[in-house]
A.B. asks: 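Pasting in a structure now, in structure tokens, and then I'll have a few things to ask.
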Amino acid sequence: MGTAYDRVLAKYDWAEQHVSNFEAAVDSFRLTDPHSIGRKNDVETGEYVYYVKTVPVIPASFSFMLGDAIHNLRSALDHLAVALVEAGSEKPNTKTCFPIFDTPKAYSELSRGKVPGLGEHMLYALDNIQPYKGGFGHWAWQLHQLDIRDKHRMLLTVCTIPMARTVLPGEKTLFNTRKAVIIGGASVFFRQMLFAPQNPY
């Protein structure tokens with residue numbers, strides 16, 4: 001498959017294909033309009049209340065597809081580590097992988113053993129990524145943890161999240177007290193309403 005760099009790119013492209021497949025499946029599911037929305041009249045206030053009547057069962061295949069995407073993204077990082085070690089004229093061993101740790105201390109003490117033979121400039125670049133919990137590379141730690149859970153412990157959860165809700169009584173009162181025109185349009189108005197200091201919500 002060409003050079004080690006070519007193999008890393010191929011692995012990453014394969015991971016992206018998994019991501020695209022997952023997104024396409026989710027989009028197709030969303031287009032079926034799986035949620036059932038109901039409406040009822042509140043006799044005390046005379047207002048209509050909208051609510052979710054039914055919540056769809058998320059296909060189990062979504063969890064499998066998401067897990068495959070995450071695993072291949074994590075695996076691409078390990079392929080990169082192997083390629084970097086080989087580029088440094090060292091031979092990868094069974095411990096060679098992209099170093100990701102829970103703490104900065106663990107990273108500083110153990111990371112060099114994961115990528116033997118890396119030159120000073122490469123180690124500097126790796127250190128600047130900070131691939132540990134709470135570092136600039138916190139995303140790498142999250143990816144690593146998700147991969148571990150999917151492989152060894154449980155399926156990843158895929159769920160639906162409501163995009164809107166009924167205005168709460170306190171919000172309605174606040175809304176009614178702010179009838180002046182707000183420069184910037186409705187989006188600015190609602191942002192000010194929801195994040196105003198006097199807003200109890």
A.B. asks: Are Leu123 and Val82 co-members of a hydrophobic cluster defined by side-chain heavy atoms under 4.5 Å apart?
C.D. replies: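 Different clusters.
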A.B. asks: Do Trp141 and His144 have ring centroids that are under 6.0 Å from one another?
C.D. replies: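 Between His144 and Trp141, the centre distance exceeds or equals 6.0 Å.
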A.B. asks: For the CG atom of Asp68 and the CZ atom of Phe64, what is their distance to the nearest 0.5 Å?
C.D. replies: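 Here the interatomic distance stands at 9.5 Å.
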A.B. asks: Answer yes if Ile148 and Ile100 sit in the same cluster of Ile, Leu, Val, Met, Phe, Trp and Tyr residues linked by side chain heavy atoms under 4.5 Å apart, and no otherwise.
C.D. replies: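 No: no chain of side-chain contacts under 4.5 Å links Ile148 to Ile100.
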A.B. asks: Quick one: does Lys105's side chain get under 4.5 Å of Tyr132's, heavy atoms only?
C.D. replies: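 No - every pair of side-chain heavy atoms lies 4.5 Å or more apart.
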A.B. asks: For atom CZ of Phe62, is the number of surrounding heavy atoms from other residues, nucleotides or ligands below 6.0 Å larger than 12?
C.D. replies: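 Counting other residues, nucleotides and ligands, CZ of Phe62 exceeds 12 neighbours.
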A.B. asks: For Asp102 versus Lys133, what's the shortest heavy-atom pair and its separation?
C.D. replies: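 That closest heavy-atom pairing would be O-CB, 3.2 Å.
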A.B. asks: Let me check something: do Phe22 and Leu146 share a hydrophobic cluster, defined by ILVMFWY side-chain heavy atoms less than 4.5 Å apart, either directly or through other members?
C.D. replies: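 Phe22 and Leu146: one cluster.
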A.B. asks: Taking the side chain as everything from C-beta on, heavy atoms only, tell me whether Val19 gets closer than 4.5 Å to Glu23.
C.D. replies: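 Side chain of Val19 against side chain of Glu23, heavy atoms only: contact under 4.5 Å found.
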A.B. asks: For the backbone of Ser108 and the side chain of Ser111, can you confirm whether one donor and one acceptor N or O come within less than 3.5 Å of each other?
C.D. replies: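 Looks like no, no N/O pair under 3.5 Å.
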A.B. asks: Would you call Pro56 and Phe29 a side-chain contact if the rule is heavy atoms closer than 4.5 Å?
C.D. replies: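 With C-beta onward as the side chain, the pair touches.
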A.B. asks: Hey, does the side chain of Asp13 reach the backbone of Ala10 with a donor-acceptor pair shorter than 3.5 angstrom?
C.D. replies: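 Side chain of Asp13 to backbone of Ala10, a donor-acceptor pair under 3.5 Å: no, none is there.
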A.B. asks: For a quick test of reading the model, state the closest non-hydrogen atom pair linking Ala15 to Ala69 and the distance between them.
C.D. replies: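 Minimum heavy-atom separation between Ala15 and Ala69: CB-O, 4.5 Å.
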A.B. asks: Do Pro116 and Thr96 touch side chain to side chain, with heavy atoms closer than 4.5 Å?
C.D. replies: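 The answer is yes; the side chains approach within 4.5 Å.
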A.B. asks: Quick check: do His79 and Asn72 have side-chain heavy atoms less than 4.5 Å from each other?
C.D. replies: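 No - every pair of side-chain heavy atoms lies 4.5 Å or more apart.
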A.B. asks: Can you give me the closest heavy-atom contact between Ser63 and Leu155, atom names plus distance?
C.D. replies: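 The pair with the smallest heavy-atom distance is CB-CB, 4.2 Å.
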A.B. asks: Among the clusters formed by ILVMFWY side chains lying less than 4.5 Å apart, do Leu9 and Phe98 turn up in the same one?
C.D. replies: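 No, no single cluster joins them.
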A.B. asks: Taking the side chain as every heavy atom from C-beta outward, state whether Pro92 and Glu86 have any pair of such atoms under 4.5 Å apart.
C.D. replies: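 Heavy-atom side-chain distance check passes, below 4.5 Å.
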A.B. asks: May I ask whether Trp14 and Tyr12 are part of the same hydrophobic cluster, defined by side-chain heavy atoms of I, L, V, M, F, W, Y residues being less than 4.5 angstrom apart, directly or through others?
C.D. replies: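 No, Trp14 and Tyr12 fall in different hydrophobic clusters.
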A.B. asks: Closest heavy-atom contact between Asn128 and Phe136?
C.D. replies: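 Residues Asn128 and Phe136, closest heavy atoms: O-CD1, 3.8 Å.
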A.B. asks: Crowded around Lys95 NZ? As in, over 12 foreign heavy atoms under 6.0 Å?
C.D. replies: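 No - once you tally the heavy atoms of other residues, nucleotides and ligands closer than 6.0 Å, there are 12 at most.
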A.B. asks: Under the side-chain hydrogen bond (donor to acceptor under 3.5 Å, both in side chains) criterion, do Asp78 and Ser75 qualify, and how do the steps go?
C.D. replies: CA-CA 5 Å; Asp78 287 339; Ser75 179; 5.6 Å; no
A.B. asks: Measure across Arg112 and Tyr107 and return the closest heavy-atom pair with its distance rounded to 0.1 Å.
C.D. replies: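 Looks like NH1-OH, 3.9 Å.
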A.B. asks: Do the side-chain N and O atoms of Tyr124 and Glu120 include a donor-acceptor pair separated by under 3.5 angstrom?
C.D. replies: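 Checked: Tyr124/Glu120 side chains show no N/O donor-acceptor pair below 3.5 Å.
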A.B. asks: So, do Leu73 and Leu143 sit near enough that their side-chain heavy atoms are less than 4.5 Å apart?
C.D. replies: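 Heavy-atom side-chain distance check passes, below 4.5 Å.
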A.B. asks: If you take all heavy atoms of Ala25 and Met65, which pair is closest and at what distance?
C.D. replies: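 Answer, listing the atom of Ala25 first, then Met65: CB-CE, 3.9 Å.
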A.B. asks: Indicate yes or no: at least one non-hydrogen side-chain atom of Leu126 is less than 4.5 angstrom from one of Val115.
C.D. replies: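 When only atoms from C-beta onward are counted, Val115 and Leu126 do touch, with a gap below 4.5 Å.
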A.B. asks: Is it true that the side chains of Gln17 and Asn21 contain a donor and an acceptor less than 3.5 Å apart?
C.D. replies: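 Side chains of Gln17 and Asn21: pair found under 3.5 Å.
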